[in-house]
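Down below is the structure, laid out as C-alpha cells.
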Amino acid sequence: MSIHGQILEITVVGGSRLRDTEWISRQDPYVCLEYASTKHRTRTCRDGGKNPVFQEKFVISLIEGLREINVSVWNSNSISFDDFIGSGKILLNKVLSQGYDDAAWTLQSKNGRYAGEISVIMHFSGARKSAGAWPASAPPYGLAQPPPAPYSAPYGAYASPPPQVASPYLPPPAYPYHAAPSGYPSAPPPGYPPSSYPPPSSYPPPSSYPPTSSYPPTSSYPPLGVYPPPPPGPYSTYPPPPPPY
C-alpha cells in the first residue's frame, strides 16, 4: 500500500524532564518538526521550564519511503540566540500500520547525552488492519453481524403446547398425623372441676364485716365555735382591760 500524498495528523502534547539551559529564570521551550521540506513550529511555552505543555496539532503530507520525523526543542531568548535543548527522531512504522500511536520520544543533546522526552499523538486514517489482528472474542467495530437463524415453525404450528418441565424443587413432605394414646382422654371429663371445691358463694359476704356506725360518732367532739372555752371570771371580754390608775 502506497502512503504517498496521504495525510498524517500529529499532536505535540508536551515535554518532560528537558535539559535546563537557564541558570536564573525558567526557560521558555518550543518544538520544531521537520519532515522532508515540511517544517512546523509550536508556540513558545513561557516559563515552561523542564515540563512544558503545548497541545498543538499539525497535518503532514506523507512521502513514500520516508518514515521518520525529525524533532528538536529550543529555549527562546529575547536578547541572544535561542538555546538548543535536544533533538530526536519520531518513527512512523507503528502509526502507518495500526493507524494510531501515542508515545514519548527521547531527546539527546549535542554531545549525545540524555536531554529529556517529547510526547506526541499521531493518527493515520489510511492504515488497514488484517482480520487476524482483532481479538477472537469480539469482531471489529462496525462489521455487520449475521442475522439470527429463523425459527423452524411458529408456536401456533405445534399440535400441542410444549411439554412441561418438571420443577427441580420438590414439595416438602407431608408430616403423618399421630393420634393420641388410648390411655389419655381426648377431652376433659364433664365433671371437671370436681364439685368438692367450695362454691364461690360460701365465702363471707362483705356485709359481715363490722359496720362503720360502730365507731364513735363525730358529734361527741366539742363544736368548733366554743373551743377553746372562755376563761372564768366576771369579765365579759378576753383578755380583760388594763386596771385604772
Side-chain angles (χ1 to χ4, degrees), residues 1-135 138 140-143:
M1 180 187 65
S2 176
I3 63 172
H4 188 77
Q6 299 194 45
I7 300 301
L8 174 69
E9 296 179 356
I10 178 170
T11 301
V12 180
V13 179
S16 61
R17 295 175 292 178
L18 298 181
R19 185 172 65 91
D20 197 353
T21 60
E22 293 287 348
W23 292 94
I24 301 176
S25 61
R26 293 170 62 89
Q27 62 184 0
D28 306 322
Y30 64 90
V31 179
C32 294
L33 302 176
E34 183 177 356
Y35 181 78
S37 59
T38 304
K39 295 181 180 180
H40 296 284
R41 180 187 184 277
T42 66
R43 61 177 176 82
T44 300
C45 183
R46 298 295 178 185
D47 297 329
K50 297 182 178 181
N51 302 289
V53 178
F54 303 102
Q55 292 291 348
E56 291 193 41
K57 180 180 178 180
F58 304 100
V59 176
I60 296 176
S61 180
L62 296 174
I63 299 175
E64 187 67 33
L66 186 57
R67 301 198 173 193
E68 62 182 23
I69 299 176
N70 296 323
V71 57
S72 59
V73 184
W74 299 77
N75 175 32
S76 178
N77 289 323
S78 57
I79 300 177
S80 60
F81 294 102
D82 294 347
D83 299 324
F84 175 75
I85 297 177
S87 62
K89 293 184 181 296
I90 299 174
L91 303 181
L92 307 180
N93 295 328
K94 181 178 179 180
V95 66
L96 295 179
S97 61
Q98 301 184 11
Y100 176 80
D101 190 8
D102 180 4
W105 304 91
T106 304
L107 304 175
Q108 294 182 352
S109 62
K110 291 181 179 180
N111 54 8
R113 294 184 178 180
Y114 176 81
E117 296 178 355
I118 192 75
S119 299
V120 297
I121 299 176
M122 295 182 288
H123 292 85
F124 178 58
S125 59
R128 295 181 180 178
K129 291 185 178 181
S130 61
W134 296 96
Y141 177 78
L143 295 181

Rounded to the nearest 0.5 Å, what separates atom OG in S125 from atom CD in Q6? 7.0 Å

Judged by atom type as modelled, is there a donor-acceptor pair below 3.5 Å linking the side chain of T42 to the main-chain atoms of V31? yes

Which atom pair, heavy atoms only, marks the closest approach of N51 to S16? OD1-CA, 3.2 Å

Do I121 and Y100 touch side chain to side chain, with heavy atoms closer than 4.5 Å? yes

Nearest-0.5 Å distance, OG of residue S72 to CD of residue Q108: 13.5 Å

If you look at every heavy atom in P29 and G49, which pair is closest and at what distance? CG-O, 3.5 Å

Output yes when a side-chain donor or acceptor of R19 lies under 3.5 Å from a complementary backbone atom of A115, and no otherwise. no

Nearest 0.5 Å, what's the CD1-CD1 distance between I10 and I69? 4.0 Å

Expected output: side-chain D20 to main-chain E22 donor-acceptor under 3.5 Å: yes

Within the structure provided, determine whether V95 and H123 are in side-chain contact (heavy-atom separation under 4.5 Å). no

Nearest heavy-atom pair of S76 and R46: which atoms, and what distance? OG-NH1, 4.2 Å

With R67, the side-chain contact (heavy atoms from CB on, under 4.5 Å) member among I3, L91, I90: I3

Before you tell me yes or no, could you show the steps for L96 and L62 under side chain to side chain contact (heavy atoms under 4.5 Å, CB included), namely the whole-Å CA-CA distance, both residues' side-chain angles and the distance that decides it to 0.1 Å? CA-CA 10 Å; L96 295 179; L62 296 174; 3.6 Å; yes

Does any N or O in the side chain of D28 come within less than 3.5 Å of the main-chain N or O of D47, such that one atom is a donor and the other an acceptor? yes

Shortest non-hydrogen contact from E64 toward S2: OE1-OG, 3.2 Å

Taking C-beta and beyond as the side chain, do L107 and I85 meet within less than 4.5 Å on heavy atoms? no

Just by distance, do the side chain of E117 and the backbone of W105 share a donor-acceptor pair under 3.5 Å? no

Spacing of H40 atom NE2 and K57 atom NZ [to the nearest 0.5 Å]: 12.5 Å

Under the criterion side chain to side chain contact (heavy atoms under 4.5 Å, CB included), I'd like the reasoning laid out for L92 against Y35: C-alpha separation, chi angles, the key distance, then a yes or no. CA-CA 11 Å; L92 307 180; Y35 181 78; 4.1 Å; yes

Mind checking the NE2-CG spacing from H4 to L66? Nearest 0.5 Å is all I need. 11.0 Å

What orientation do F84 and W74 show, parallel under 30°, tilted 30 to 60°, or perpendicular over 60°? perpendicular

R41, CZ atom: more than 12 neighbouring heavy atoms under 6.0 Å: yes

Quick one: do D101 and V120 satisfy side chain to side chain contact (heavy atoms under 4.5 Å, CB included)? Show the steps, please. CA-CA 8 Å; D101 190 8; V120 297; over 6 Å; no

Run V71 and K89 through side chain to side chain contact (heavy atoms under 4.5 Å, CB included) and show every step you take. CA-CA 6 Å; V71 57; K89 293 184 181 296; over 6 Å; no

In the structure I gave you, are the side-chain heavy atoms of K39 and E34 within less than 4.5 Å of one another anywhere? yes

When L18, V73, V12 are each screened for side-chain contact (heavy atoms from CB on, under 4.5 Å) with P52, the one that passes is L18

Rounded to the nearest 0.5 Å, how far does OG1 of T38 lie from CG of L8? 11.0 Å

Do D83 and Q27 have a side chain donor and acceptor closer than 3.5 Å? no

